[in-house]
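In this chain, residues are counted from 1 in sequence order.
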Amino acid sequence: MRVAYARSSHVVLAKGPHLAPFLKSIIIISIIAQMNLASIDLNLLVAFEALMEERHVTRAGERIGLAQPSMSSVLTRLRALFGDELFVRSASGMQPTAKALALAQPISDALAQIRGVLAPTSAFNPATVSRRLSIAATDYGDLVVVPLLVEALRREAPGIDLLVRPIIDPTASVVSLERGDVDVLIGGHLPASQRITRYTLFSEKFVCIRDARRAKGKQLTKDDYARLPHVLFSSAGGDGLPGAIDTMLSRHGRKRRTAITLAHVVAVPFAVAGTDLIATMAERIARRFATAAGVSVIPVPYDVEAFNIDLLHTRRAMADPALRWFIELVSRICKEF
């Protein structure tokens with residue numbers, strides 16, 4: 001949800017059930033600014049939020065409906081208001097100062113409260129809404145989470161259209177989320193950002209897969225695991241760089257041979273079938289394709305740390321009733337895992 005840059009600097013306090021959170025927001029802002037509330041133009045805080053998320057004056061201005069010269073003027077006013085540079089130019093964009101980073105979360109929380117007060121009060125009905133939402137997901141999210149999500153959407157919100165994009169470069173996908181190009185990210189091993197909220201959906205563990213005939217009645221030993229050739233899944237297009245498994249093996253003084261590197265996780269079980277190859281992969285994906293590919297799922301002969309499957313969204317998402325409902329839906333269906 002993007003809030004238009006209002007031309008008036010006055011805020012009217014009306015009586016009603018939402019007055020308490022509204023006042024809480026104003027108190028938070030007042031404490032942050034350490035000055036008389038009457039001297040604060042709340043529009044400046046909207047601009048601050050845009051600058052914090054975009055790290056670019058022109059893009060931040062476009063986001064709230066201001067031309068670049070006007071946005072530069074707003075930045076000057078923000079610096080005067082807080083007595084700090086706030087954002088410093090660098091080769092990678094406008095970098096926030098320590099004070100800007102300290103202000104970011106409280107200001108975002110306060111604006112979210114205000115947006116909630118000013119939002120339409122009509123109840124959101126997923127059964128009748130017409131909306132398009134976009135998410136980006138890793139291969140894992142595509143295969144494990146998205147099918148159940150699509151089923152739930154068709155049942156509960158048939159008017160919502162869903163666009164699913166791939167996460168190929170996790171860092172670039174986080175940037176797309178921050179800019180509002182996508183609404184949600186779903187997957188594992190996604191990078192952190194101070195401008196997004198991370199919610200853990202569930203945890204996943206690693207297992208091995210091996211050709212069903214070779215695996216019959218056998219368990220892999222640690223010597224087997226290091227000796228046998230491996231298939232590696234790399235979403236980056238087959239770079240073959242060391243990952244969590246290689247790091248774990250190095251702690252035990254071991255090293256594996258990666259004989260085959262594939263760019264699509266679905267291809268891994270079918271490459272293992274009928275060969276002497278083994279692979280280490282997420283359990284839910286391995287079990288989904290084991291029968292079709294003709295492979296067996298067996299334990300990894302080492303203790304390998306589980307990993308989280310997360311949902312990432314911006315703080316703005318909580319002010320959008322449809323998006324908030326969607327995030328809650330994803331959380332609800334993942335509790336079944």
Quiz item: At what distance, to the nearest 0.5 angstrom, does CD of Glu85 lie from CD of Gln95?
Solution: 14.0 Å

Quiz item: Would you call Leu78 and Leu51 a side-chain contact if the rule is heavy atoms closer than 4.5 Å?
Solution: yes

Exercise. Give, for atom CZ of Arg214 and atom OG1 of Thr275, the distance between the pair rounded to the nearest 0.5 Å.
Key: 6.5 Å

Quiz item: Which distance, rounded to the nearest 0.5 Å, do you find between the OG of Ser250 and the NZ of Lys255?
Solution: 10.5 Å

Quiz item: Between the main-chain N or O of Glu54 and the side-chain N or O of Arg59, is there a donor-acceptor pair closer than 3.5 Å?
Solution: yes

Practice problem: Mind checking the CE-CD spacing from Met281 to Glu204? Nearest 0.5 Å is all I need. | Solution: 10.0 Å

Quiz item: So if you build clusters from Ile, Leu, Val, Met, Phe, Trp, Tyr with side-chain heavy-atom gaps below 4.5 Å, do Leu249 and Ile260 land together?
Solution: yes

Self-check item: Heavy-atom closest contact (Pro191 atom, Leu312 atom, distance)
Solution: O-CD2, 3.9 Å

Exercise. Flag the pair Ser72 / Val57 as yes when at least one side-chain heavy-atom distance between them is below 4.5 Å, and no otherwise.
Key: yes

Exercise. Check the surroundings of atom NE2 in His252: do more than 12 heavy atoms from other residues, nucleotides or ligands lie under 6.0 Å from it?
Key: yes

Quiz item: Quick one: do Glu178 and Arg315 make a salt bridge, cutoff under 4.0 Å?
Solution: no

Quiz item: How about Arg89: does its CZ atom have over 12 heavy atoms from other parts shown lying under 6.0 Å from it?
Solution: no

Quiz item: Atom CD1 in Ile160, atom CG in Leu153: separation rounded to 0.5 Å?
Solution: 6.0 Å

Quiz item: Heavy atoms, side chains only, cut-off 4.5 Å: are Asp161 and Leu133 in contact?
Solution: no

Quiz item: Salt-bridged, Arg254 to Asp223, with N to O below 4.0 Å?
Solution: yes

Exercise. Determine whether Arg210 and Leu228 make a side-chain contact, defined as any pair of heavy atoms from C-beta on separated by less than 4.5 Å.
Key: yes

Quiz prompt | Cluster overlap Ile135 with Ile309, hydrophobic side-chain contacts below 4.5 Å | solution = yes

Self-check item: Residue pair Ala137 / Val164: nearest heavy atoms and the distance that separates them
Solution: CB-CG1, 4.4 Å

Quiz item: If you take all heavy atoms of Val174 and Ser193, which pair is closest and at what distance?
Solution: CG1-CB, 3.8 Å

Quiz prompt | Qualifying ring-ring contact (aromatic ring centres under 6.0 Å, His included) pairs with a residue from residues 167-200, counting only residues at least two apart or across chains | solution = His189-Phe307

Quiz item: Any side-chain heavy-atom pair from Phe326 and Leu149 closer than 4.5 angstrom?
Solution: yes

Exercise. Could you walk me through whether Asp310 and Phe202 pass side chain to side chain contact (heavy atoms under 4.5 Å, CB included), step by step?
Key: CA-CA 7 Å; Asp310 299 319; Phe202 56 93; over 6 Å; no

Self-check item: Results of salt bridge (Lys or Arg N to Asp or Glu O under 4.0 Å) for Arg227 - residues two or more places apart only
Solution: Asp224

Self-check item: Derivation and outcome, side chain to side chain contact (heavy atoms under 4.5 Å, CB included), residues Phe233 and Ile285
Solution: CA-CA 12 Å; Phe233 159 60; Ile285 294 181; over 6 Å; no

Self-check item: Candidate pair Phe124 and Arg324, rule side chain to side chain contact (heavy atoms under 4.5 Å, CB included), full reasoning
Solution: CA-CA 10 Å; Phe124 172 75; Arg324 185 169 63 246; over 6 Å; no

Self-check item: Salt-bridge present (Arg287, Glu283; N to O < 4.0 Å)
Solution: yes

Quiz item: Nearest heavy-atom pair of Pro96 and Arg55: which atoms, and what distance?
Solution: CD-NH1, 3.2 Å

Practice problem: Could you tell me whether Arg179 and Asp181 make a salt bridge, using a distance below 4.0 angstrom between a side-chain N and a carboxylate O? | Solution: no

Practice problem: Taking the side chain as every heavy atom from C-beta outward, state whether Glu62 and Met71 have any atom pair closer than 4.5 Å. | Solution: no

Self-check item: same_hphob_cluster(Leu311, Leu190) at 4.5 Å side-chain heavy-atom cutoff
Solution: no

N/O donor-acceptor pairs under 3.5 Å from side chains in residues 292-306, not counting sequence neighbours:
none

Quiz item: Any chain of hydrophobic side-chain contacts (each under 4.5 Å) joining Leu162 to Val182?
Solution: no

Quiz item: Is there a side-chain contact between Ile278 and Val272 (heavy atoms, below 4.5 Å)?
Solution: no

Exercise. Examine distances only and state if a side-chain atom of Asp211 and a backbone atom of Ala273 form a donor-acceptor pair shorter than 3.5 Å.
Key: no

Exercise. Search all heavy atoms of Ala279 against all heavy atoms of Val231 and return the closest pair with its distance.
Key: CB-O, 3.6 Å

Quiz item: Which atom names give the shortest non-hydrogen contact between Pro269 and Val266, and what distance separates them?
Solution: CD-O, 3.3 Å

Quiz prompt | Beyond-backbone contact of Val330 with Val184, side-chain heavy atoms, under 4.5 angstrom | solution = no

Self-check item: Separation of Leu163 CG from Asp183 CG (nearest 0.5 Å)
Solution: 9.5 Å

Quiz item: Within a reach of under 6.0 Å around CZ of Arg132, are more than 12 heavy atoms found that belong to other residues, nucleotides or ligands?
Solution: no

Quiz item: Between the main-chain N or O of Tyr225 and the side-chain N or O of His230, is there a donor-acceptor pair closer than 3.5 Å?
Solution: yes

Practice problem: Give the C-alpha distance, both sets of side-chain angles, the deciding distance and a yes or no for side chain to side chain contact (heavy atoms under 4.5 Å, CB included) between Leu103 and Phe48. | Solution: CA-CA 9 Å; Leu103 289 167; Phe48 174 91; 3.9 Å; yes

Quiz item: Do Asn308 and Ser203 pass the side-chain hydrogen bond (donor to acceptor under 3.5 Å, both in side chains) test, and can you show the C-alpha distance, the side-chain angles, and the key distance before you say yes or no?
Solution: CA-CA 4 Å; Asn308 290 333; Ser203 64; 5.0 Å; no

Quiz prompt | Trace of the salt bridge (charged side-chain N to carboxylate O under 4.0 Å, His left out) decision for Glu156 with Arg332 | solution = CA-CA 13 Å; Glu156 300 183 30; Arg332 172 158 48 89; 2.9 Å; yes

Exercise. Give a yes or no on whether Met248 and Leu220 share a hydrophobic cluster (residues Ile, Leu, Val, Met, Phe, Trp, Tyr; joining criterion: side-chain heavy atoms under 4.5 Å apart).
Key: yes

